[in-house]
Peer 1: 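Supplied in structure tokens, the structure appears directly below.
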Amino acid sequence: MSRSFVPRRSVLRGALGAGALAAAAGPLAACAPGSSGSEPRKLAGTPSASAKGEITIWSRSGDLFKVFDAAIDAFRKAHPGIKVNHQAVDIDAKLANTLISGADLPDGSFWDDAKIGGQAEHLYDLTDLIAPYRDKTSAYKLSVNTVEGRIYGVPWDLDPGLLWYREDLLEDAGVDPAGLKTYDDLLAAARSLREKNPKARPLHMEKDPFLGQLWLEMLAGQQGTSLADADGQVRLDSKEYRNILNWVRDAVDDDLVTHAEYLKQADLAALENGQQALVPWAVWWSFAPQQLLKKGKGKWRAAPLPAWTPGGARSGAMGGSSFIIPAKAKNPELAWLLYEFLCFKEPGYSAVYGPSEVYPGGLTTSVPSYGPARRPDKPLFEPVDALGGQDLWKVAVDAADTIPSAAPIPAWWAKSVDYLGNNLQRLIEGKMAPDDVIDDSTKKIQRNLVDRA
């Protein structure tokens, strides 16, 4: 990580916050493509390598902007006839309204997967262009970019969930990380850590309602489900969600939990002093040992998440981003050529993920969604010194390969945090039971969000 890295927490909160999503959840955005009587615009045909023209591309400011900027330089060398105006923009505040108004649009933009479904009618249908790469792209990533069977986002990254653990503390407690195969095993390990250190509360559980719900969805995704089905109907009342919420209750009842906000002062203190030693979280938690932790630097490791049932999936996705092309873009074909290069072509994806001036060891906060770019034997980023030299690439790509497919993310997802995210906090605080979380959240999401869409 570079010194100017912005933790993924702020990126995700900005991307999915209620203010940004209010526009996305309005009357226009609530419609599926074609539901207002219009057919989605299809983009078909890739320009030749000698294509000429000019495109404007939006990315968020910060380190990722610098990474993409360097990768776009590689694109310019491969396509010297195309001028790329790469702009750092507050996408979360600007893009949704711009898509609806149709004024001053970019030709392409970085965007979060959770936004795709809510704005699909304002985007190009990219199904035909992605078809040659479909069989080699993560099924999960395709599913969250799909609305009514059509693909509206160019799949970029995967954010697989991993189990982050303090190797030295587990060793002292006699816990073998290789034995953490199920969530019951994880609770047993947490008990062993507390027996070794009575002050330990080994398991991190998120205090921020938004990130807590995102974490919950990662655990649900492991089991092949999510808050809404393909038709946008709530399916929280299920065996899979009860598995998670009952497990959370058991961890809380056994006093095994540190309830803290992601990488805030209390969280960092608990990580540094050995109170926390087990953090089920996305690959982007790698930021912490690389940039924030001092005493624990070099002692943390990553492993696959435990499974909910023996032999079950060992990962789920937590967050993710793609690229979109507005339906009223001036040069959509050239924007596609760029995104095809960055996501599906060499040297494009190596330019994004490989060593750079911004990330000398490579971009370690996600892995590509395109299979050929995600080969275990051809790492795009280097072993991480802050993880004791661990080959995080192999751990992350192996985990990514196990992520089940999912339903498109509904436009109302972020607003549901007011109900499910807050109720999850009440469960962790011992103020609600699992069935109460399910019943109350389902009723309020259905009444206040689904029925009003």
Side-chain angles (χ1 to χ4, degrees), residues 1-2 4-6 8 11 15 43 46-92 94-95 98-99 104-113 115 123-124 126 129-130 133 137 141 145 153-158 320-326 329-370 372-374 380-381:
M1 296 291 169
S2 75
S4 60
F5 180 76
V6 177
R8 193 74 174 250
V11 172
L43 196 58
T46 300
S48 67
S50 60
K52 296 182 179 181
E54 183 174 345
I55 52 175
T56 296
I57 300 296
W58 284 3
S59 297
R60 287 199 184 95
S61 59
D63 283 7
L64 274 182
F65 176 85
K66 297 173 185 177
V67 167
F68 289 135
D69 208 45
I72 288 171
D73 280 342
F75 174 79
R76 292 185 180 104
K77 292 176 183 177
H79 300 276
I82 300 176
K83 180 180 179 181
V84 182
N85 300 314
H86 188 211
Q87 299 178 357
V89 173
D90 185 351
I91 292 171
D92 308 318
K94 190 172 182 179
L95 183 56
T98 303
L99 286 170
D104 300 319
L105 283 166
D107 295 289
S109 181
F110 179 91
W111 220 13
D112 297 271
D113 294 334
K115 293 289 189 70
L123 308 176
Y124 263 108
L126 306 174
L129 292 176
I130 290 173
Y133 308 107
T137 298
K141 197 68 178 187
N145 278 288
V154 186
W156 175 51
D157 68 348
L158 268 177
S321 305
S322 297
F323 301 110
I324 56 92
I325 301 176
K330 293 180 180 178
N331 288 304
E333 295 85 1
L334 300 185
W336 161 255
L337 200 63
L338 170 63
Y339 292 141
E340 181 185 42
F341 177 83
L342 297 178
C343 295
F344 304 123
K345 300 285 189 181
E346 275 284 50
Y349 52 73
S350 288
V352 173
Y353 277 96
S356 66
E357 290 185 7
V358 181
Y359 295 100
L363 182 65
T364 63
T365 56
S366 69
V367 294
S369 65
Y370 184 51
R374 210 172 57 243
L380 296 183
F381 55 74

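Note: hydrogens, waters and symmetry copies are ignored here, and every other heavy atom, side chains too, is used.
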Peer 1: side-chain hydrogen bond (donor to acceptor under 3.5 Å, both in side chains) with Thr56: which residues, sequence neighbours excluded?
Peer 2: none
Peer 1: What salt bridge (Lys or Arg N to Asp or Glu O under 4.0 Å) pairs are there with at least one residue in residues 67-80, not counting sequence neighbours?
Peer 2: Asp73-Arg76
Peer 1: Between Ser369 and Lys141, is there a donor-acceptor pair closer than 3.5 Å when you use the side chain of the first and the backbone of the second?
Peer 2: no
Peer 1: Do Leu334 and Pro47 come within less than 4.5 Å of each other through their side chains, counting heavy atoms only?
Peer 2: yes
Peer 1: Test of understanding: with salt bridge (Lys or Arg N to Asp or Glu O under 4.0 Å), list the residues that count as partners of Asp107, not counting sequence neighbours.
Peer 2: none
Peer 1: At what distance, to the nearest 0.5 angstrom, does CD1 of Ile72 lie from CD1 of Ile82?
Peer 2: 11.5 Å
Peer 1: So Leu64 and Leu363, side-chain contact (heavy atoms from CB on, under 4.5 Å) or not? Walk me through it.
Peer 2: CA-CA 9 Å; Leu64 274 182; Leu363 182 65; 4.1 Å; yes
Peer 1: Any heavy-atom pair between the side chains of Ile91 and Phe110 that's under 4.5 Å?
Peer 2: yes
Peer 1: Looking at every non-hydrogen atom in both residues, tell me the closest pair between Pro332 and Leu43 and how far apart they are.
Peer 2: O-CD2, 3.7 Å
Peer 1: For the residue pair Leu95 and Val89, establish whether any side-chain heavy-atom pair is separated by less than 4.5 Å.
Peer 2: no
Peer 1: Who are the side-chain contact (heavy atoms from CB on, under 4.5 Å) partners of Glu340, not counting sequence neighbours?
Peer 2: Thr46, Tyr133, Trp336, Leu337, Phe344, Lys345
Peer 1: Roughly how far apart are Phe75 CZ and Ile55 CD1, rounded to 0.5 Å?
Peer 2: 5.5 Å
Peer 1: By side-chain hydrogen bond (donor to acceptor under 3.5 Å, both in side chains), which residues pair with Ser356, not counting sequence neighbours?
Peer 2: none
Peer 1: If I take atom CG from residue Asp90 and atom CH2 from residue Trp58, how far apart are they, to the nearest 0.5 angstrom?
Peer 2: 10.0 Å
Peer 1: Got a sec, which residues hit side-chain contact (heavy atoms from CB on, under 4.5 Å) with Ala88, two or more places apart in sequence or on another chain?
Peer 2: Ser61, Phe65
Peer 1: With a 4.5 Å limit on heavy-atom distance, are the side chains of Val67 and Tyr359 in contact?
Peer 2: yes
Peer 1: Which heavy atom of Ala329 sits nearest to which heavy atom of Pro106, and what is that distance?
Peer 2: CB-O, 3.8 Å
Peer 1: Please name all residues satisfying side-chain contact (heavy atoms from CB on, under 4.5 Å) with Lys52, sequence neighbours left out, ordered by chain then number.
Peer 2: none
Peer 1: For the OH atom of Tyr370 and the CG atom of Leu158, what is their distance to the nearest 0.5 Å?
Peer 2: 14.0 Å
Peer 1: Should Lys115 and Ile324 be marked as a side-chain contact (heavy atoms from CB on, under 4.5 Å) after you check the CA-CA gap, both sets of side-chain angles, and the distance that decides it?
Peer 2: CA-CA 10 Å; Lys115 293 289 189 70; Ile324 56 92; over 6 Å; no
Peer 1: Under a 4.5 Å cut-off applied to non-hydrogen side-chain atoms, are Pro155 and Ile130 in contact?
Peer 2: yes
Peer 1: Would a 4.5 Å heavy-atom cut-off, applied to side chains only, mark Leu380 and Tyr349 as touching?
Peer 2: yes
Peer 1: Would you please name every residue forming a side-chain hydrogen bond (donor to acceptor under 3.5 Å, both in side chains) with Asn85, sequence neighbours left out?
Peer 2: Glu54
Peer 1: Name all residues meeting the ring-ring contact (aromatic ring centres under 6.0 Å, His included) criterion together with Tyr339; count only those two or more places apart in sequence or in a different chain, and write none if there are none.
Peer 2: Phe323
Peer 1: For the CG atom of Asn331 and the CG atom of Leu338, what is their distance to the nearest 0.5 Å?
Peer 2: 12.5 Å
Peer 1: Please report the shortest heavy-atom distance between Asp157 and Ser366, naming the atom on each side.
Peer 2: CB-OG, 3.4 Å
Peer 1: Between Asp104 and Lys94, does any side-chain N to carboxylate O distance fall below 4.0 Å?
Peer 2: no
Peer 1: Could you work out, with side-chain hydrogen bond (donor to acceptor under 3.5 Å, both in side chains) as the rule, every residue matching Ser109, not counting sequence neighbours?
Peer 2: none
Peer 1: Check ring-ring contact (aromatic ring centres under 6.0 Å, His included) between Phe381 and all other residues, then give those that pass, not counting sequence neighbours.
Peer 2: Trp393
Peer 1: How long is the gap from OG on Ser48 to NE2 on His79, to the nearest 0.5 Å?
Peer 2: 9.0 Å
Peer 1: Do Ser321 and Asp112 have side chains that get closer than 4.5 Å, going by heavy atoms?
Peer 2: yes
Peer 1: Could you tell me which non-hydrogen atom of Ala71 sits nearest to which non-hydrogen atom of Phe341, and how far apart they are?
Peer 2: O-CE2, 3.9 Å
